[in-house]
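Report on one structure; see the data block that follows.
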Amino acid sequence: MHERFLRIATLVTLAVSAAPVPAWSQGAHAAPADSLSAWLDSLRQDPNGVRVAPQALRSGSQTVGSADHVAGSIVAVHGTLTVDGAIDGNAVAIGGDVVLHAGSHVGGDAVAVGGQVRDEGGEVSGEMRSLSGFTHAAPVAGTSASRAATTGRSLSLAIGWFVVLSVVGLLTLLLTRTNLETVAERIRTDFSRAFLVGFAGELALLPALVLSLAALAITVIGIILIPFAIIAFLLAAAGLLALGFIAMAYVSGESVLEYRSGGTMRRRAPAGLLLLLGLSIFLAFWLVGALFTWAGIVGAVLRLVAAAVTWVAVTVGFGAALLSRGGTRAPPHLYALDHGALDEEYSWETPTPVTGIAAARPRTPASRIEP
Amino acid sequence: MKRWSLAGMAVAAMCWAASAAAQQPQTIDVARQRHAADSVLHVHVEYGAGHFALAAASPRILYHVHLHYDADRSVPERRFDPASDALSLRLRSREDRGRSVARAVGESRNRHARSDPNSMALGVARGIPLDLTLDLGATEARINLADLWLDHLELHGGASDLQLAFGTPNPRHLRSIEIAGGAASIHIAGLGNANADRLEIHSGAADVDLDCSGAWTRNLQVDLTSALGDVTFHVPSDVGVRIQMTRVLSDFDHGGMRFTKRSGAEESDNWNSAPHRLTIDARSLLGSIAVHRTAS
């Protein structure tokens with residue numbers, strides 16, 4: 001059942017990853033409606049474009065003969081612009097080349113979008129620009145375009161983090177599942193203590209680094225080791241934070257599934273599903289925040305809530321990771337449980353701190369004490 | 001089996017992330033023709049990451065820029081003032097408007113590692129005086145100064161791998177060259193062609209290789225500050241060398257040359273007779289300085 005679920009999930013994820021990126025997500029590269037006015041807008045908005053009057057637009061290839069003199073600009077849409085004569089303004093081709101023959105003159109810029117400006121002896125007072133396509137127009141503050149772009153960026157960021165954490169989490173499950181389970185157990189059994197330890201740990205990170213570096217700086221060898229110590233410290237801190245957050249997501253997924261199924265699903269659900277479910281919960285907060293990016297103060301409050309929830313999760317996870325020494329030390333009650341589970345036969349014996357089991361009088365069968 | 005399924009999901013998620021982060025490569029070619037009124041060209045480039053190349057443009061061209069970049073992340077900015085013939089080029093990040101190139105080094109290192117990095121090829125006019133300032137972040141820069149008339153050269157390399165070549169003698173008097181490197185490498189070839197009075201290098205942890213060959217027309221003073229980097233001078237046999245060093249845990253390799261100590265400095269045996277002289281004032285920490293003779 002679980003394997004089937006995982007196979008289906010893998011296929012779905014692969015299918016999603018293989019799906020072509022929709023045209024709307026291609027930004028300004030996707031041409032707007034194929035009309036002359038839309039091309040004109042693109043040309044105006046592009047940082048490398050030019051401003052031309054609407055009457056300058058012509059459809060198809062155009063030629064300015066050697067005897068011709070164009071008073072303004074000329075734009076050939078979906079065609080090549082060949083210049084033998086003179087153009088006072090700009091010479092533009094969209095979806096074609098601008099060819100400047102010897103003796104030609106362009107008073108402004110020569111611009112080819114999706115083509116090349118081919119200088120074959122012509123004279124251009126301005127610049128010659130060949131663009132592979134329209135670039136993004138510079139966003140103007142307060143416009144709907146910039147709001148959409150900001151929202152899109154926030155959504156991409158949230159989904160990107162989800163994907164990264166999912167990958168890291170699944171790899172953690174594969175490679176260090178025992179550590180993850182141990183940290184998760186700490187979270188389950190010692191939530192408030194883990195939060196306090198995590199908070200103290202976050203506050204102590206920088207002072208601990210500074211103190212370590214100061215200690216290293218006392219000796220010459222220590223000074224040489226400082227760069228390595230900084231990297232090691234940062235890696236260790238990042239590792240504990242990531243492990244803690246992934247464990248927290250794992251526990252969250254477990255709790256949600258347990259709540260939904262009335263406690264029947266938790267033990268049967270695959271660990272990967274629990275982790276992805278937990279991460280999805282945190283993603284949901286950020287997605288809601290991102291979706292309301294356009295909504296000013298409401299969006300800010302939603303993002304603040306998402307940040308607060310995530311911070312609590314990271315702090316608890318970090319604390320649990322610290323308490324369990326990175327998942328290498330199980331909570332005390334687990335030892336007790338292990339002893340209890342070791343052998344039902346010895347459950348009547350008295351545990352001691354040293355050996356675990358002391359000599360004691362065995363249970364006396366009821367029949368013996370009967371007279 | 002379950003493990004394979006999990007691994008499959010991880011790989012699929014990575015593929016999805018990669019496709020979600022697809023780039024939007026954009027290519028721009030910009031050129032301006034030369035006009036009779038052009039008397040000097042001032043060029044200032046700020047370029048954070050990727051490949052950078054500079055060379056002389058074709059004869060009719062004042063400048064020519066070929067830029068390949070990710071339009072999703074970067075915005076090219078270009079200004080040209082026809083009155084002063086001043087060209088300013090910049091590739092700025094969309095996320096961080098106004099950030100300096102030096103501060104973008106961390107990010108740009110990541111970009112550098114991508115399969116399709118930014119690239120800029122700049123051609124500048126030959127035959128007119130050139131004032132060149134380059135602020136490069138973490139780039140692989142190949143700068144060919146042959147056929148250029150350099151009046152001023154200033155180069156900030158960040159974490160770049162810089163290769164400069166003075167392929168032909170510079171007909172202009174280049175008063176000073178300033179080069180600041182960071183953590184990669186600096187290689188200068190044909191320094192004798194630079195026609196410069198002074199070269200100032202702050203190499204940081206970068207290795208520096210200075211080939212002083214070329215057509216010497218004047219004496220050259222080199223001021224060098226280096227930390228953790230190895231500095232090597234290749235000096236033609238007809239050039240006298242005087243080197244004054246402040247070294248902390250650094251080595252000096254004279255490469256078989258005979259030096260005589262005078263007034264706290266090491267002087268080569270041809271110092272008094274050489275037609276041209278190279279004076280080196282070096283400060284080195286935890287690195288090495290080497291001077292080797294080459295055929296003139």
Side-chain angles (χ1 to χ4, degrees), chain A residues 2-3 5-7 9-21 25-29 47-48 109-110 112 116-117 119 121-136 138-139 149 153 156 159-160 162-164 166-171 173-174 224 270-272 276, chain B residues 1-37 58 60-80 82 87 90 92 94-95 97 205 228 249 286:
Chain A
H2 298 161
E3 280 187 11
F5 167 79
L6 282 167
R7 276 183 211 158
T10 307
L11 284 173
V12 168
T13 318
L14 278 168
V16 168
S17 66
V21 180
S25 71
Q26 305 267 335
H29 273 284
N48 291 293
D109 294 336
Q116 292 289 321
V117 176
D119 178 10
E123 190 181 315
V124 181
S125 299
E127 273 189 340
M128 297 180 289
R129 294 196 288 277
S130 306
L131 317 180
S132 59
F134 283 115
T135 51
H136 296 270
R153 245 193 332 264
S156 306
I159 293 169
F162 174 76
V163 172
V164 169
S166 299
V167 172
V168 173
L170 291 173
L171 289 175
L173 264 179
L174 275 175
I224 296 168
L276 293 178
Chain B
M1 186 62 201
K2 191 185 283 185
R3 285 194 168 207
W4 283 111
S5 299
L6 280 168
M9 285 178 76
V11 171
M14 279 177 164
C15 293
W16 183 83
S19 65
Q23 300 172 25
Q24 293 198 35
Q26 183 82 8
T27 305
I28 297 181
D29 268 285
V30 181
R32 185 179 288 272
Q33 293 176 344
R34 280 179 64 173
H35 298 107
S58 54
R60 289 183 65 213
I61 297 296
L62 185 65
Y63 62 81
H64 178 203
V65 187
H66 174 85
L67 182 60
H68 180 80
Y69 65 102
D70 180 3
D72 245 4
R73 297 172 186 272
S74 310
V75 183
E77 290 180 347
R78 184 184 70 261
R79 283 193 191 84
F80 179 73
L87 171 68
R90 186 178 180 215
R92 75 166 171 82
R94 278 189 179 277
E95 289 82 16
R97 187 186 285 259
L228 299 168
L249 297 172
L286 291 169

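Proteins come first, then strands; the chains are lettered A, B, ... in the order of their sequence lines, and each starts at number 1. In this text, all values refer to a predicted model and were calculated from it rather than measured experimentally.
When heavy atoms are compared at a cutoff of 4.5 Å, B/Leu228 does not approach chain A at all. Only the side chain of A/Asp119 comes within less than 4.5 Å of a heavy atom in chain B; its backbone stays farther off.
Annotation: ring-ring contact (aromatic ring centres under 6.0 Å, His included) contacts of B/Phe80 (sequence neighbours excluded): B/Tyr63. By the side-chain hydrogen bond (donor to acceptor under 3.5 Å, both in side chains) test, B/Arg78 pairs with A/Asn48, A/Glu127, sequence neighbours left out.
Ion pair A/Arg129/B/Asp29 not flagged as a salt bridge, since none of the NZ, NE, NH1 or NH2 atoms sits closer than 4.0 Å to an Asp/Glu carboxylate oxygen.
Judged by distance alone, the side chain of B/Gln33 and the main-chain N or O of A/Gly122 form a donor-acceptor pair under 3.5 Å.
Between chain B and the residues A/Ala112, A/Ser125, A/Ser156, the largest count of heavy-atom pairs under 4.5 Å involves A/Ser125.
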